[in-house]
Amino acid sequence: MNKEKKIFIVRCGEVALKGLNKPYFERMLVDRIRRVLRKYNEVEVKRNEGLIFVKTPGDLDPDLIVGEISRVFGVASISPAIEVDSDLDEIGKAAVEFMQELIEKKGVKTFKINAKRADKNFPVKSPDIARTIGAKVLKGCKTLKVDVHDPDCLLFVDVRKGKSYIYEQKIMGYGGLPLGTNGKGMVLLSGGIDSPVAAWMMAKRGMLIEAIHFHSYPYTSERAQEKTEDLAQIIAGYCGRFKMHIVNLLPIQEAIVTNCPEEETTILVRRFMMRIAEKVAKETDCCLLITGENLGQVASQTAEALVVTDHSVQIPVMRPLIAMDKIDIMDIAKSIGTYETSILPYEDCCTVFLPKHPTTKPKLEKILESESKLDVEKLINDALASKETIIINPAD
Ligand code: ATP
Ligand code: MG
């Protein structure tokens, strides 16, 4: 038995369903796993028969490795495993040791063996493997009993060509597709709950992201911007480092407030945000915009408002949260770790100059008429001239 190295079996989610493109997706997934583990020495990541095998030095904390791999999109589940030669005696010995450790650590009293013979040339069939190994475990661990209905431990024995694997846990990943398999999108990232979730969801489908954040300094504080950077860092924990563009929207907001009807302020500001984001997206090879908008959530997210917003740009706008309930969005935010930061009370640029009665059913003609009072091109170019770009690295 190889005691020096630790083994992790990584299962691909949807990647496994890909037909002819499967090798490409698997290669991308292996590449992503290698990337997140490259900070550790002597880690091996290999593909074999539809699975990915990760070997790490024995002194590395397995929970740390599982944590890293589980954040890689495309990973369905991970099992810390023991690798032995495909020989029933060897498997039996390893299974006994494995169970002894579980009895000691977790007080396991009952077990069941789930055996699978991926190597059909192996001379013993799965039910017989289960029976043989089960008998060896019972003999080696006197306190254990078999319980086929509700065992404390379901022990998997996976017999493959040359090597076999013993494991107990399947730790779930997020699924999705490997990053880099679906282009790049520009997410409009605020400090709220929704847009970080939207970014995460698109990244989970394999899309690389870049972000743009608007502020209204000095009306919005530096701390508000830091909060968005903190959120971006959490997202980077899933999709690696990315760029965030930061643009001051205040002159545009002031021009709108001075020249246009008050109730149209929000929708007009949103159209400017989209246009600026579109320009930056084009410069940075982002093929679409991503927002955290959600049908009916606020005045600017009624169906009519979304249509008028979309008319300001040609680039497609993806709204992955469009039909979700807030409570479900909040659940995702909690599970990916952005929620606590999102609810910190710092004002967003959208709350500056918030109209008392924003229009919920804007008409495009009226909005265009209001915009005709503004020098749209100049306002956009001036805002872009104020753009700063920072690199967001994953939080430690
Ligand atoms: P969130 O929780 O993401 O802030 P929200 O429910 O507060 O969303 P709005 O403030 O209307 O809704 O914003 C809708 C979307 O517009 C956001 O999800 C985000 O994509 C984008 N957005 C809003 N404010 C900003 C900002 N300051 N910078 C960049 N994008 C923004
Ligand atoms: Mg917001």
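Atoms within each ligand, like the ligands themselves, are counted from 1 in listed order.
- Within the 6.0 Å centre-distance limit, the rings of Phe53 and Tyr165 are counted as a close aromatic pair.
- Each of the atoms 14 (C), 15 (C), 18 (O) of ligand 1 lies under 4.0 Å from some heavy atom of Glu293.
- For ligand 1 and Gly292, the ligand atoms under 4.0 Å from any heavy atom of the residue are 17 (C), 18 (O), 20 (O).
- Assignment of His215 to the shell around ligand 1 is not supported, since no heavy atom sits closer than 4.0 Å.
- The atoms of ligand 1 that sit less than 4.0 Å from any heavy atom of Gln297 are 5 (P), 6 (O).
- The closest heavy-atom contact to atom 26 (C) of ligand 1, among the options Ala305, Ser300, Ser190, comes from Ser190.
- Against a heavy-atom cut-off of under 4.0 Å, Gly192 is close to the following atoms of ligand 1: 1 (P), 2 (O), 4 (O).
- Ligand 1 has an N or O atom lying under 3.5 Å from an N or O atom of Ile193, backbone or side chain.
- Polar contact with ligand 1: absent for Ile212 (N/O pair, distance under 3.5 Å).
- Judged by a 6.0 Å distance limit and a 45° cone about the ring axis, Arg27 is not positioned over the six-membered ring of Tyr24.
- Contacts between Ser195 and ligand 1, counted as non-hydrogen atom pairs separated by less than 4.0 Å, involve both the backbone and the side chain.
- Looking at ligand 1, you won't find any N or O of Thr291 less than 3.5 Å from one of its N or O atoms.
- Counting heavy-atom neighbours within 6.0 Å of Lys161 NZ, excluding the residue itself, gives a total of 12 or less.
- With a 4.0 Å heavy-atom cut-off, ligand 1 is reached by the side chain of Gln301 but not by its N, CA, C or O.
- Of all the heavy atoms of Leu189, the ones lying under 4.0 Å from any atom of ligand 1 belong exclusively to the backbone.
- Ion pair Asp89/Lys93 not flagged as a salt bridge, since none of the NZ, NE, NH1 or NH2 atoms sits closer than 4.0 Å to an Asp/Glu carboxylate oxygen.
- Using modelled atom types, no side-chain atom of Asn294 and backbone atom of Lys326 make a donor-acceptor pair closer than 3.5 Å.
- Checked for salt-bridge contact, Glu293 and Arg270 meet the test: a charged N lies under 4.0 Å from a carboxylate O.
- Between Tyr219 and Phe353, the distance separating the two ring centers is shorter than 6.0 angstrom.
- In terms of N/O distances under 3.5 Å, ligand 1 is approached by Asp194.
- Using a cut-off of 4.0 Å between Lys/Arg side-chain N and Asp/Glu carboxylate O, Lys279 and Glu283 are scored as not salt-bridged.
- Considering backbone and side-chain atoms together, Ile290 places no N or O closer than 3.5 Å to any N or O of ligand 1.
- Looking only at distances, a side-chain donor or acceptor of Ser342 sits under 3.5 Å from a matching main-chain atom of Gly192.
- When only interatomic distances are considered, the shortest N/O to N/O separation between Val298 and ligand 1 does not fall below 3.5 Å.
- Under a 4.0 Å criterion applied to the non-hydrogen atoms of His213, ligand 1 contributes the atoms 27 (N), 28 (N), 29 (C).
- Aromatic ring centroids of Tyr238 and Tyr174 lie under 6.0 Å apart.
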